[in-house]
Amino acid sequence: QVQLVESGGGLVQPGGSLRLSCAASGFTFSSYAMSWYRQAPGKEREFVASIDSGGFSRNYADSVKGRFTISRGNAKNTVYLQMNNLKPEDTAVYYCYVSFGYWGQGTQVTVSS
């Protein structure tokens with residue numbers, strides 16, 4: 001069965017960095033685009049970043065451009081989100097998503113001093 005398992009979240013101070021990982025199984029990872037979304041308390045889930053199956057095309061939400069980088073390791077069936085210069089407004093649960101419509105369980109990121 002399809003599984004997406006996120007990890008790497010935690011508490012970080014403003015200006016700090018975190019690297020999220022999403023380990024995928026149960027499907028041919030290298031054939032599908034992958035995305036990261038996030039949901040802050042009381043808000044709707046929003047798009048953060050996406051990467052195509054080969055890792056050549058990437059898209060970002062305006063709010064994270066220049067600070068976040070999405071990448072993937074097809075040999076490891078893993079997609080990553082490197083988050084730098086984190087801000088309190090980045091606080092949210094971050095979800096991994098595969099393009100045929102499956103979500104991970106999420107990982108909490110809290111940016112606070």
Give the minimum heavy-atom separation between [X] and [Y], together with the two atoms involved.
X: C96; Y: M34; result: SG-CE, 3.5 Å
X: Q108; Y: T91; result: NE2-CG2, 4.1 Å
X: Y102; Y: V2; result: OH-O, 3.2 Å
X: N74; Y: N77; result: O-OD1, 3.1 Å
X: S53; Y: S30; result: CB-O, 3.3 Å
X: R72; Y: D52; result: NH1-O, 2.8 Å

Sub-4.5 Å side-chain heavy-atom contact between P88 and P14
yes
Is any side-chain heavy atom of S112 less than 4.5 Å from a side-chain heavy atom of L11?
yes
Please answer whether the main-chain N or O of G26 pairs with a side-chain N or O of Q1 as donor and acceptor at a distance below 3.5 Å.
no
Which of these, L20, L18, D90, sits in a side-chain contact (heavy atoms from CB on, under 4.5 Å) with F68?
D90
From the list M83, R38, K87, side-chain contact (heavy atoms from CB on, under 4.5 Å) partner of V64 resolves to R38
Under the salt bridge (Lys or Arg N to Asp or Glu O under 4.0 Å) test, residues paired with K65 that sit two or more places apart:
D62
For R45, the salt bridge (Lys or Arg N to Asp or Glu O under 4.0 Å) test, sequence neighbours excluded, returns none
Who else is in the cluster with V93 when I, L, V, M, F, W and Y are joined by side-chain contacts under 4.5 Å?
Y37, F47, Y95, Y97, W103
Qualifying residues under ring pair (Phe, Tyr, Trp, His ring centres under 6.0 Å), relative to F29, sequence neighbours excluded:
none
Contacts of F100 that satisfy ring pair (Phe, Tyr, Trp, His ring centres under 6.0 Å) - sequence neighbours left out
F27, Y32
Here the gap from S17 atom OG to N85 atom CG, rounded to the nearest 0.5 Å, amounts to 8.0 Å
Could you grab the distance from atom CZ of R58 to atom CD1 of I70, nearest 0.5 Å is fine?
8.0 Å
Residues, nucleotides or ligands: over 12 heavy atoms within 6.0 Å of E44 CD:
no
Going hydrophobic residue to hydrophobic residue with side-chain gaps under 4.5 angstrom, can you get from Y60 over to Y80?
no
Show your reasoning for whether side-chain contact (heavy atoms from CB on, under 4.5 Å) applies to E6 and W36.
CA-CA 10 Å; E6 300 96 333; W36 287 95; 3.8 Å; yes
Salt bridge (charged side-chain N to carboxylate O under 4.0 Å, His left out): which pairs involve residues 9-30, sequence neighbours left out?
none
